[in-house]
Amino acid sequence: MLLQQHVYKIIQQVPKGKVTTYGDIGKKTGTKAYRAIGQVLHHNPSWPEIPCHRVVMKDGSLAPNYGMGGPSVQKKRLKDESVTFIGNKVDIVKHKVDL
DNA sequence: GCTTTGACTCTCG
DNA sequence: TCGAGAGCCAAAG
């Protein structure tokens, strides 16, 4: 399966109110090209299909160059899904989904 | 068609 | 503990 499709599938498996990391996706897909995952998400089709706001860095930080108005929107969306924040980072310890 | 760069992570010094 | 280098995939120039 293409890495792209695999990544999409993993993200779709993330339940509401939970988040995942690039590293986890990479491990799940069995690839070490974490950058490719970000690249794929950058060119993602649309929101409902690919909730890239549920994908954060390993330490819980949001993407610095996040589109659609920057990380603020992503943060807002996550908050709307009952995701707690620690300063400007996601509470990855509590919300990191264990696939 | 090849080269460069990018929403990353891990390992070594 | 912090900084630098390597590895991998995909899209754009």
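Below, read A as the first sequence line, B as the second, and so on, with proteins coming before strands; counting in each chain starts at 1.
Along DNA chain B, the stretch of nucleotides lying under 4.0 Å from any heavy atom of chain A spans, 5' to 3', B:dG6 to B:dC10.
Distance check, rounded to the nearest 0.5 Å: NZ of A:Lys9 to CE of A:Met1 gives 4.0 Å. Going from atom NZ of A:Lys18 over to atom CG of A:Asp98 covers 9.0 Å, rounded to the nearest 0.5 Å.
Atom CZ of A:Arg35 is separated from atom P of C:dA10 by 13 Å (rounded to the nearest Å). In this entry the distance linking CD of A:Gln39 with C1' of C:dA12 reads 9 Å, nearest Å.
Considering every non-hydrogen atom in both A:Lys58 and A:Thr21, the closest pair reads CA-CG2, 3.9 Å. Contact detail for A:Asp24 and A:Val97: the closest heavy-atom pair is OD2-O, 3.9 Å. Here the shortest heavy-atom pairing between A:Cys52 and A:Leu41 reads CB-CD2, 4.2 Å. Of all heavy-atom pairs between A:Val55 and A:Ile25, the closest is CG1-CD1, 4.0 Å. A:Ala63 approaches A:Tyr22 most closely through the heavy-atom pair CB-OH, 4.5 Å. Between A:Ser61 and A:Val56, the shortest heavy-atom distance links the atoms O-CB, 3.6 Å.
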Pick out the pairs of N or O atoms, protein on one side and nucleotides 1-6 of chain C on the other, that lie under 3.5 Å.
none

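Of the residues in residues 57-66 of chain A, those with a non-hydrogen atom less than 4.0 angstrom from any atom of DNA chain B are A:Met57, A:Lys58, A:Ala63, A:Asn65, A:Tyr66. Near DNA chain B, meaning a heavy atom under 4.0 Å from it, residues 91-99 of chain A has no residue at all. Within a heavy-atom distance below 4.0 Å of DNA chain C, the residues of residues 17-34 of chain A found are A:Thr31, A:Lys32, A:Ala33, A:Tyr34.
Of the C1' atoms belonging to B:dA7 and C:dG3, the separation is 22 Å, rounded to the nearest Å. The same atom, P, is picked in B:dT4 and in C:dA6; the two are 16 Å apart, to the nearest Å.
Heavy atoms from other residues, nucleotides or ligands lying under 6.0 Å from NZ of A:Lys28 number 12 at most.
The salt bridge (charged side-chain N to carboxylate O under 4.0 Å, His left out) analysis of residues 67-88 of chain A, with sequence neighbours excluded, yields the pairs A:Arg54-A:Glu81.
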